[in-house]
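Inspection log for the structure reproduced underneath, given as structure tokens.
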Amino acid sequence: QDAEVVRTRDPQRLAQCDVVVDVGGEYDPERHRYDHHQRSFTESMRSLRPDKPWSTKLSSAGLVYCHFGSQILAALLGQPEDGPVVKALYDKLYENFVEEIDAIDNGIAQGEGEPRYALTTTLSARVGHLNPRWNDPDQDTEVG
């Protein structure tokens with residue numbers, strides 16, 4: 001809640017951070033380092049949570065979701081983390097949203113024949129919806 005967000009690639013600044021996501025070249029959940037940008041990284045939801053069926057290589061977003069998604073959903077819903085509602089929503093959210101982010105971020109094609117994952121939107125499209133329409137008289141992109 002009171003976290004300070006720092007954007008940097010400076011290793012000295014990163015070393016001072018409590019949580020590092022998508023930079024730093026390190027995946028170490030014990031130290032809260034969630035980067036997928038190393039040649040040796042091959043983790044998927046299935047490799048980290050064998051009860052899950054998805055084998056798409058995780059992006060940093062997927063890593064954070066894998067480690068904290070159930071906890072966040074439980075808190076938002078006021079439901080037990082191991083309850084059926086949280087479990088069902090966790091799976092649906094991964095399958096219909098986060099897996100797409102993982103795949104696109106890792107350059108994984110949707111498929112040559114049968115699609116490997118559902119493509120329901122793209123981050124580019126979502127960001128585009130935040131921009132004013134071309135004919136909007138107020139073109140200030142900073143207005144919320």
Side-chain angles (χ1 to χ4, degrees), residues 1-133 136 139-144:
Q1 179 176 334
D2 298 320
E4 176 188 356
V5 177
V6 177
R7 291 184 52 130
T8 185
R9 293 184 188 278
D10 178 357
Q12 291 178 346
R13 292 264 337 254
L14 293 175
Q16 297 170 1
C17 296
D18 295 323
V19 179
V20 177
V21 178
D22 208 29
V23 294
E26 184 179 10
Y27 168 57
D28 183 356
E30 297 295 317
R31 294 180 45 244
H32 293 296
R33 301 307 190 241
Y34 303 100
D35 194 10
H36 67 115
H37 295 108
Q38 51 271 4
R39 290 187 193 276
S40 61
F41 184 86
T42 59
E43 301 293 356
S44 67
M45 188 66 78
R46 184 185 316 165
S47 70
L48 296 178
R49 295 189 62 175
D51 62 315
K52 302 300 181 193
W54 304 286
S55 60
T56 301
K57 180 180 169 184
L58 294 171
S59 67
S60 294
L63 283 171
V64 171
Y65 187 76
C66 180
H67 288 283
F68 299 104
S70 292
Q71 181 182 349
I72 292 167
L73 290 170
L76 289 172
L77 297 170
Q79 296 279 324
E81 191 173 338
D82 61 350
V85 171
V86 170
K87 285 182 177 184
L89 189 55
Y90 179 91
D91 287 355
K92 283 297 180 189
L93 219 81
Y94 184 77
E95 185 173 10
N96 292 303
F97 183 66
V98 180
E99 185 178 26
E100 176 184 327
I101 296 168
D102 288 341
I104 290 171
D105 195 18
N106 283 302
I108 300 168
Q110 190 179 15
E112 295 167 20
E114 186 69 26
R116 291 184 185 119
Y117 57 91
L119 184 57
T120 57
T121 183
T122 64
L123 286 177
S124 298
R126 287 178 179 264
V127 170
H129 290 297
L130 298 173
N131 292 327
R133 294 179 186 208
D136 191 334
Q139 292 291 317
D140 186 355
T141 58
E142 299 300 318
V143 173

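For the single chain, residues carry numbers from 1 onward in sequence order. It should be emphasised that the depicted structure is a prediction, and the values quoted were computed from it without experimental measurement.
Summarising the geometry, atom CG belonging to N106 is positioned 9.0 Å from atom OG1 belonging to T56; distances are rounded to the nearest 0.5 Å. Separating the CD atom in Q79 from the CG atom in L89 is a distance of 10.0 Å, to the nearest 0.5 Å. D22 contributes atom CG, which lies 4.5 Å from atom NE2 of H37 (distance to the nearest 0.5 angstrom). Atoms CE and SG, from M45 and C66 in turn, are 4.5 Å apart once rounded to the nearest 0.5 Å. Of the inter-residue distances, the one linking C17 atom SG with Q12 atom CD reads 12.0 Å to the nearest 0.5 angstrom. Atom-to-atom distance recorded for D91:CG and N96:CG is 10.5 Å, nearest 0.5 angstrom.
The aromatic rings of F68 and Y34 sit perpendicular, their planes meeting at an angle over 60°, well past the 30° parallel limit.
Nearest heavy atoms, P53 versus R46: O-NH2, 2.7 Å. When every heavy atom of P29 is checked against every heavy atom of H67, the shortest pair comes out as CB-CE1, 3.6 Å. Smallest separation of non-hydrogen atoms from P80 and A74: C-CB, 4.2 Å.
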Can you check side-chain contact (heavy atoms from CB on, under 4.5 Å) on Y65 and L58, steps first, answer last?
CA-CA 10 Å; Y65 187 76; L58 294 171; over 6 Å; no
When you look at R33 and L14, which way does the side-chain contact (heavy atoms from CB on, under 4.5 Å) test go after all the steps?
CA-CA 10 Å; R33 301 307 190 241; L14 293 175; 5.8 Å; no
Determine whether E4 and V6 satisfy the following criterion, side-chain contact (heavy atoms from CB on, under 4.5 Å), listing intermediate values before the conclusion.
CA-CA 6 Å; E4 176 188 356; V6 177; 3.9 Å; yes
Step by step, would you call W54 with E95 a side-chain contact (heavy atoms from CB on, under 4.5 Å)?
CA-CA 8 Å; W54 304 286; E95 185 173 10; 3.9 Å; yes
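V20 has its side chain out of reach of E26: every pair of non-hydrogen atoms, C-beta onward, lies at least 4.5 Å apart. Within the 4.5 Å cutoff, the side chain of H32 has no heavy atoms near those of the D18 side chain. For the pair I108/D102, no side-chain contact is recorded, criterion being any heavy-atom separation below 4.5 Å from C-beta on. Looking at D35 and S60, their side chains come closer than 4.5 Å, going by heavy atoms from C-beta outward.
Between R31 and D28 a salt bridge is recorded (basic side-chain N to carboxylate O distance below 4.0 Å).
Judged by distance alone, with hydrogens and angles left aside, the side-chain atoms of D105 form no donor-acceptor pair with the main-chain N or O of I101 at under 3.5 Å.
Relative to the six-membered ring of Y90, R49 meets both conditions, a distance below 6.0 Å and an angle of at most 45° to the axis.
A 6.0 Å sphere centred on CG of D10 holds more than 12 heavy atoms belonging to other residues, nucleotides or ligands. Other residues, nucleotides and ligands contribute only 12 or fewer heavy atoms inside 6.0 Å of the NZ atom of K87.
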